[in-house]
Amino acid sequence: MTKFHNSDCTCWNCPAINLAGKVDFRACGQSALKFEKKQDETGDSHIMAECKRRPELGLFDPTSITFEECPEWRETQYGYLLKNMRIMILGMDGYLGWTLALWLGKLGCHVSGIDNFSRRSWVAERGSHTIVPISDMTERLHAAKEVLGLNINFRKINILDRELLKEFIEEVKPEAIVHYGECPSAPYSMIDFEHAAYVQKNNVIGTLGLLFTMHEVVPEASLIKLGTMGEYGTPLTGRPIFEGMFPANAVLKWNNREWSMGGELTPRDPVSFYHCSKAQDTFNVYEACKYWWLRSYDVMQGVIYGVYTDHLAADPRLRTRYDIDEAFGTVINRYVAQAVIGFPLTLYGKGEQIRGFIGLEDAMQCITRLIAKPPEPGQYDVVNQMSGYCSMRKLAETVKKIGEKDFGLKIEIQRVENPRVEADRHPFEPIFNKLPDEFGFVQSDMLEKEIHRMFALLTRPEIKKRIEEKEHVILPKTWWSGEKKEVERLELIKNNNHAVKKNGKAVNIN
Ligand SMILES: NC(=O)c1ccc[n+]([C@@H]2O[C@H](COP(=O)([O-])OP(=O)(O)OC[C@H]3O[C@@H](n4cnc5c(N)ncnc54)[C@H](O)[C@@H]3O)[C@@H](O)[C@H]2O)c1
């Protein structure tokens with residue numbers, strides 16, 4: 001029998017469990033501690049469980065059955081998954097949400113989701129459009145059924161509408177909730193007070209409402225919450241960017257004394273009002289797990305690139321969005337689009353800023369593996385989800401190399417003024433071991449392959465035309481200072497060296 005990352009998990013991790021018996025949650029605190037089974041004078045376990053899926057078992061010790069042994073958990077390439085697992089995706093109409101809906105549906109999960117289509121309005125408000133045309137939700141759902149045989153249960157709901165959200169969650173009873181449903185843009189949050197307040201209310205209050213709803217309706221479901229590597233900032237001391245919490249052997253030394261820092265949240269240094277909303281979410285989710293024994297993985301996600309999965313490519317009506325404007329386009333996606341229309345690739349400032357990245361398919365794999373190994377009751381854990389990191393300049397050079405070599409394009413790189421407040425040069429040592437070590441994440445060697453795929457898609461005449469129509473939204477106009485003016489060119493870079501190292505297994509391509 002294959003050993004998976006979750007083979008030895010027990011009902012203690014399973015969302016189908018109802019805990020019964022003498023459970024004093026408050027006395028236990030964070031439950032990442034090993035559960036110790038104790039007997040009282042009657043011989044009863046202190047914590048007993050019932051299975052919602054197998055009520056015939058009656059009351060039993062929740063540590064006595066493993067996922068490997070339980071017939072409700074079936075083998076998949078990403079570990080054991082609950083049969084017909086009910087998964088709700090918040091923000092299902094978005095770049096990642098739609099991709100995940102098809103991905104999990106094809107894995108046999110019962111997928112439901114909500115969205116209020118705000119991403120479509122934000123991009124229109126910025127005068128842009130997705131350069132890969134996407135269908136409306138009705139057509140998407142129809143195509144998913146027709147082409148992939150999927151029945152996806154979608155409802156148009158604003159997360160801030162707690163009544164409607166609660167009703168839908170009560171109806172579906174999700175066993176895992178993936179929360180993508182936030183405004184994901186730093187520049188959008190920096191436009192003015194109204195936009196900053198909107199982003200913070202949408203994200204922070206939306207998530208807070210969700211936490212209360214989960215507490216009331218599905219406390220045993222796991223919450224996969226999307227944060228961002230930008231929550232940490234880039235500490236200028238060069239200390240490693242740990243995965244949310246200090247490791248057990250970290251110590252604080254001060255005035256000839258020292259303390260263990262193990263298990264404490266690491267400092268956050270967010271880099272925009274959007275990133276502040278994510279950092280506030282982190283604390284709210286952490287607290288909810290502590291107060292109510294909710295379970296959550298907080299995913300500090302690197303910048304995503306690519307628009308390919310087999311399912312998205314199965315039919316034009318199934319495609320996911322691809323934005324190129326300053327607020328909603330992500331960096332690699334923007335570079336490829338710029339290269340296709342002969343717009344010099346835009347490095348901000350010196351272009352030496354380093355960021356973590358991960359391809360779309362790898363990101364889907366990571367989320368699936370997290371869903372497959374739910375946290376224990378009360379467990380809040382953080383993973384840094386990235387597959388490599390490098391400087392903006394090296395990324396631009398990689399895009400240039402592939403576009404010129406494989407597609408015969410002439411590509412230039414320019415430095416423009418940096419409208420953000422950030423260090424141009426900084427040390428960067430992110431730790432991203434948990435996903436490979438504890439969740440079996442196997443990184444595909446996909447950076448160059450995916451850039452090639454993006455060029456193949458974007459050089460199609462009808463897509464190229466859609467990029468050209470929106471060339472005017474490429475250069476940033478939102479300054480962190482509050483100014484509103486297009487950035488100016490500092491330099492057109494003459495000689496680029498192409499010495500970009502290979503993006504192998506979890507390596508730095510800087
Ligand atoms: N794409 C990336 O590179 C990246 C990197 C790091 C973190 N993230 C995080 O991942 C998540 C998903 O990112 P994405 O790129 O798919 O963004 P997206 O904007 O495409 O998806 C978010 C979806 O949520 C919906 N939404 C937002 N607020 C809502 C509300 N109040 N009610 C209902 N629906 C609402 C939007 O309409 C949109 O469809 C976000 O939380 C983002 O911050 C993304």
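In listed order, ligands and their atoms are each counted from 1. The chain is numbered in sequence order, starting from 1.
Under a 4.0 Å criterion applied to the non-hydrogen atoms of F117, ligand 1 contributes the atoms 37 (O). Taking a cut-off of under 4.0 Å to the non-hydrogen atoms of G302, the atoms of ligand 1 that pass are 5 (C), 6 (C). Every atom of ligand 1 with a heavy atom of I157 under 4.0 Å away is listed here by number and element: 32 (N), 33 (C). For ligand 1, the atoms closer than 4.0 angstrom to any heavy atom of V303 are 3 (O).
Between the side chains of S444 and E361, no donor-acceptor pair of N or O atoms lies under 3.5 Å. Between the side chains of S185 and W122, not a single donor N or O lies within less than 3.5 Å of an accepting N or O. Donor-acceptor pairing under 3.5 Å is recorded for the side chains of E231 and T282. Side-chain contact annotation: R86 with S112, donor-acceptor N/O pair under 3.5 Å absent. Looking only at atom types and distance, the side chain of S118 has no donor-acceptor partner in the side chain of R120 under 3.5 Å away.
At under 3.5 Å, a nitrogen or oxygen of D115, whether backbone or side chain, sits near a nitrogen or oxygen of ligand 1. Some N or O of I304 is nearer than 3.5 Å to an N or O of ligand 1, by distance alone. Residue contacts with ligand 1: G227 is placed with no nitrogen or oxygen under 3.5 Å of a nitrogen or oxygen of the ligand (distance criterion only). Any N or O atom pair closer than 3.5 Å counts here, and L96 shares at least one such pair with ligand 1. By the 3.5 Å distance cut-off applied to N or O atoms, H179 is not counted among the residues near ligand 1. Polar contact with ligand 1: present for N158 (N/O pair, distance under 3.5 Å). Considering backbone and side-chain atoms together, K278 places an N or O closer than 3.5 Å to an N or O of ligand 1.
Looking at Y274 against ligand 1, only its side chain comes within 4.0 Å, counting heavy atoms. Contacts between T330 and ligand 1 below 4.0 angstrom, taking non-hydrogen atoms only, involve the side chain exclusively.
The protein heavy-atom contact nearest to atom 26 (N) of ligand 1 is S118 OG, 3.6 Å. In this structure, the protein non-hydrogen atom closest to atom 18 (P) of ligand 1 is R119 NH1, 3.2 Å. Among protein heavy atoms, atom 15 (O) of ligand 1 sits closest to Y95 CD2, 3.5 Å. In this structure, the protein non-hydrogen atom closest to atom 35 (C) of ligand 1 is N116 OD1, 3.2 Å. The nearest protein atom to atom 31 (N) of ligand 1, hydrogens excluded, is given as N202 OD1, 2.7 Å; this is a heavy-atom distance. In terms of protein heavy atoms, atom 42 (C) of ligand 1 is closest to P184 CB, 3.5 Å. Atom 10 (O) of ligand 1 has as its closest protein heavy atom Q301 NE2, 3.5 Å. Atom 21 (O) of ligand 1 has its closest protein heavy atom at G94 CA, 3.5 Å.
Distance alone, capped at 3.5 Å, is enough to place a donor-acceptor pair between the N333 side chain and the G306 backbone. Side-chain atoms of R415 come within 3.5 Å of backbone N or O of G349 as a donor-acceptor pair.
Ligand 1 does not have R120 within reach: every non-hydrogen atom of the residue lies 4.0 Å or more from it. Using a non-hydrogen distance threshold of 4.0 Å, W122 registers as a contact of ligand 1.
Residues satisfying the salt bridge (charged side-chain N to carboxylate O under 4.0 Å, His left out) test with R453, not counting sequence neighbours, are E450.
A salt bridge links D323 with R119: at least one charged nitrogen is closer than 4.0 Å to a carboxylate oxygen. Contact check on R355 versus E422 returns a salt bridge, with a Lys/Arg side-chain nitrogen under 4.0 Å from an Asp/Glu carboxylate oxygen. A salt bridge does not link K373 to E438: none of the charged nitrogens lies less than 4.0 Å from a carboxylate oxygen.
Cation-pi geometry between K156 and F117 is not met at under 6.0 angstrom from the ring centre and within 45 degrees of the axis.
Ring orientation note: the planes of F439 and H5 are tilted relative to one another, at an angle of 30° to 60°.
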Apply side chain to side chain contact (heavy atoms under 4.5 Å, CB included) to residues M214 and W292 and explain how you reach the verdict.
CA-CA 10 Å; M214 289 184 70; W292 304 325; over 6 Å; no
